[in-house]
Amino acid sequence: MKILVIGGGGREHAIIKKLKEDHRVEKIYALPGNGGIAADAVCLGGSATDIPAAVSAARENNVDFVVVAPDDPLVLGMVDALEAEGFPCFGPRKNAAVIEGSKAFSKDLMKKYGIPTAAYETFTDMDKALAYVETCPLPTVVKADGLALGKGVLICETRGAARDAVRSMMEGRLFGDSGATVVIEEFLTGPEVSVLSFTDGETVVPMVSSMDHKRALDNDQGLNTGGMGTIAPNPYYTPEIAASCMEKIFLPTIRAMKAEGRPFKGCLYFGLMLTPDGPKVIEYNCRFGDPETQVVLPLLESSLLEIMLAVSEGALADTEVKFSEKSACCVILASAGYPQKYDKGFPITLPAAQPDERIYIAGAVRKDGELLTNGGRVLGAAATAENLPAAIKKAYALADRIHFENAFCRRDIGQRALKALEEK
Ligand code: AMP
Ligand code: GLY
């Protein structure tokens with residue numbers, strides 16, 4: 001089979017490497033791909049949001065299947081366009097991707113179907129939003145409605161900060177048109193868990209749980225980033241909690257989307273907070289998480305291709321989805337200055353990876369045969385092992401064998417999870 005994967009980050013590299021484990025995969029094209037992915041796929045360049053380019057690439061290369069990985073092309077309707085041309089896809093259609101594309105939509109869905117989430121109000125009128133923040137409980141959380149590269153969430157400790165947040169989103173358009181509508185919600189507390197799931201619109205199969213580390217610096221200091229490292233499984237997510245999430249969150253969400261005439265096919269990501277009142281949904285993503293995928297897929301023992309085809313055909317109930325009992329850790333190596341200004345173009349030295357080690361390239365280009373840094377998050381050093389402490393140790397040992405100028409990483413990925421294990 002020939003497969004086209006849309007996207008060009010560490011997540012896509014992990015998806016491509018996993019797909020290649022199935023012997024039926026002859027060739028993979030990546031649009032755009034990147035300098036590191038080029039070792040595993042034919043990289044077409046261009047832009048992941050260019051729908052006509054994706055359709056042409058599928059046609060010209062005569063591909064059998066397309067995986068649309070990032071949020072923006074999904075929200076723009078890339079799957080609808082590809083399916084209309086006869087290409088089967090992994091990923092939700094536009095009317096289902098809205099579960100990530102609009103926070104107002106997802107909050108209303110949860111309210112309508114009784115799915116636990118933070119209490120909230122939605123505003124399209126700035127004066128009404130400003131009046132609301134004068135009386136709401138503090139801290140409060142102000143969110144831009146639309147996609148904002150994971151950055152459209154401001155946690156406000158004071159009324160002044162909340163006022164500024166509303167003004168900067170609705171008037172200053174800090175996140176562009178994504179802030180025309182804002183959701184203001186209750187501040188929740190508790191450990192966060194990411195649960196990615198496969199769903200064909202009827203059946204939902206959760207993957208192994210994981211934990212992201214979103215802040216740039218150790219001890220959750222510094223600015224929010226796309227994610228600085230991950231571990232799986234997440235020790236806070238016990239079998240009891242998993243069972244309750246299945247009953248109160250996962251199945252109700254799949255059924256709600258179907259009832260709304262928006263069946264969700266693809267990977268539905270549940271961002272959960274384990275609050276004192278039970279698990280609640282912080283966010284839905286309509287796609288694999290980055291860098292969650294880099295720890296979840298190495299633990300998948302079944303064929304990813306087989307599962308993705310089953311999702312697209314509506315046959316997930318009859319398909320094996322098996323995860324290993326091992327643990328995984330991924331440490332992101334970033335360019336100094338990320339998530340703000342950083343330099344690029346430094347040569348990257350990669351060691352040979354052992355069987356339980358993987359290097360997923362996120363931001364790199366290949367120039368004259370040399371791999372050069374080309375992004376904030378440059379790559380992920382991932383490892384699997386019998387248990388979490390061993391996986392963390394191995395991932396850092398791998399990260400320490402990779403070199404480029406200006407590299408930095410958090411040194412505490414997984415430490416909070418280890419504490420949770422000790423408390424058990
Ligand atoms: P989101 O983009 O919605 O995942 O939000 C980014 C991060 O903001 C989450 O991972 C949480 O750490 C935090 N956050 C979002 N909503 C809330 C909330 N209602 N209460 C507390 N923290 C939140
Ligand atoms: N790691 C969080 C996300 O992919 O949105």
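Each ligand, and each atom within it, is numbered from 1 in the order the structure gives. As a basis for the values below, the full set of heavy atoms in this structure was taken, side chains included, without hydrogen atoms, waters or symmetry mates.
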Q. Would a line drawn from the ring center of F87 to the ring center of F65 be shorter than 6.0 Å?
A. no
Q: Select the closest option to atom 11 (C) of ligand 1 among R215, K143, K214, E192, judged by heavy-atom distance.
A: E192
Q: May I ask you to list the atoms of ligand 2 that are less than 4.0 angstrom from any heavy atom of N285?
A: 3 (C), 5 (O)
Q.
If I apply the N/O under 3.5 Å rule, does D290 come out as touching ligand 2?
A. yes
Q: Taking only heavy atoms of F187 into account, list the atoms of ligand 1 that are under 4.0 Å away from them.
A: 20 (N), 21 (C)
Q: Apply salt bridge (charged side-chain N to carboxylate O under 4.0 Å, His left out) to the pair R255 and E260, showing each step before the final yes or no.
A: CA-CA 9 Å; R255 289 184 188 134; E260 293 292 311; over 6 Å; no
Q: Could you grab the distance from atom CZ of F264 to atom SG of C286, nearest 0.5 Å is fine?
A: 5.5 Å
(Q) If we set the cut-off at 4.0 Å for heavy atoms, which region of V153 has an atom near ligand 1: side chain, backbone, both, or neither? (A) side chain
Q. Heavy atoms, side chains only, cut-off 4.5 Å: are S197 and F250 in contact?
A. no
Q: Under 4.0 Å from a heavy atom of I155: give me the atoms of ligand 1 that qualify, with their elements.
A: 13 (C), 22 (N)
Q) Is it true that G289 lies under 4.0 Å from ligand 2, counting heavy atoms only? A) yes
Q) Which pair of heavy atoms, one from V66 and one from A58, lies closest together, and at what distance? A) CG2-CB, 4.4 Å
Q: Check ligand 1 against E185 and write out every atom of the ligand that is under 4.0 Å from a heavy-atom position of the residue.
A: 16 (N), 17 (C), 18 (C), 19 (N)
Q: Answer yes or no: does an N/O atom from V141 fall short of 3.5 Å to an N/O atom of ligand 1?
A: no
Q: May I ask you to check if ligand 2 and E283 share an N or O to N or O distance below 3.5 Å?
A: no
Q | Contact atoms of ligand 2, heavy-atom distance to Y269 under 4.0 Å | A | 2 (C)
Q.
Walk me through whether L316 and E202 qualify under side-chain contact (heavy atoms from CB on, under 4.5 Å).
A. CA-CA 8 Å; L316 186 59; E202 296 277 344; over 6 Å; no
Q) Heavy-atom distance to atom 5 (O) of ligand 2: which of R11, E292, R287, Q294 wins? A) R287
(Q) Out of all atoms in ligand 2, which are within 4.0 Å of some heavy atom of D212? Include the element for each. (A) 1 (N), 2 (C)
Q | From T293 atom OG1 to R287 atom CZ, the distance as rounded to the nearest 0.5 Å | A | 8.5 Å
Q: Answer yes if the ring centres of F123 and Y132 are under 6.0 angstrom apart, and no otherwise.
A: yes
Q.
Distance to the ring centre below 6.0 angstrom and angle to the axis at most 45 degrees; does that hold for K111 and Y120?
A. yes
